[in-house]
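The residues of the chain are indexed from 1 along the displayed sequence.
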Amino acid sequence: LRDEAKRWGVHGGTWFKAMAGLGRPGVMHEAKFFELAGDLTVEVEFIVTEDEARQLMDRVRDTKQRVFYASVPAEFGIIEGEP
């Protein structure tokens, strides 16, 4: 997804790997020392405009992957500080 997002023109994103999680059917998943690669969820966040979000979601749908997502309004910008 990271590489695809870059190709699609998304300017920034963040990936978080869960330490533990409760799956949809109620199954607990957690990282153990020897199983760090495991099957834990990776949360991916992009801060994009509404139009970019629509385009990104359309492209994700085209992949035919099962993806849980949340979309919330956000205000974003840059405050210029001293160098």
Side-chain angles (χ1 to χ4, degrees):
L1 185 56
R2 178 196 65 216
D3 295 337
E4 289 299 315
K6 187 174 180 180
R7 275 194 285 277
W8 296 336
V10 174
H11 298 290
T14 306
W15 287 253
F16 300 95
K17 186 158 185 164
M19 292 174 57
L22 184 61
R24 188 167 177 245
V27 176
M28 177 63 82
H29 301 271
E30 61 184 314
K32 298 197 174 40
F33 184 74
F34 293 106
E35 301 169 354
L36 293 177
D39 61 350
L40 293 172
T41 300
V42 175
E43 177 183 336
V44 179
E45 291 183 359
F46 297 115
I47 304 296
V48 294
T49 66
E50 286 184 46
D51 187 49
E52 290 169 330
R54 273 192 292 279
Q55 291 176 33
L56 181 60
M57 294 306 297
D58 287 344
R59 289 179 170 149
V60 170
R61 281 185 192 92
D62 290 345
T63 69
K64 306 291 188 216
Q65 298 290 319
R66 184 170 187 255
V67 175
F68 172 81
Y69 73 95
S71 177
V72 296
E75 179 180 333
F76 56 93
I78 299 172
I79 297 174
E80 296 293 339
E82 294 183 36

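The ring pair (Phe, Tyr, Trp, His ring centres under 6.0 Å) contacts involving residues 41-74 comprise W15-F46, where partners must be two or more places apart or lie in separate chains.
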Can you list, pair by pair, the side-chain donor-acceptor contacts under 3.5 Å of residues 74-83, counting residues two or more places apart and other chains?
none

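Qualifying side chain to side chain donor-acceptor pair (under 3.5 Å) partners for E45, counting only residues two or more places apart in sequence or in other chains: none.
Residues D62 and R59 are not paired through a salt bridge, judged by the lack of any N-O separation under 4.0 Å between the basic side chain and the carboxylate.
In this structure, V44 is not a member of the same hydrophobic cluster as I47, with clusters built from ILVMFWY side-chain heavy atoms closer than 4.5 Å.
R54 has its side chain within reach of D51: a pair of non-hydrogen atoms, C-beta onward, lies under 4.5 Å apart.
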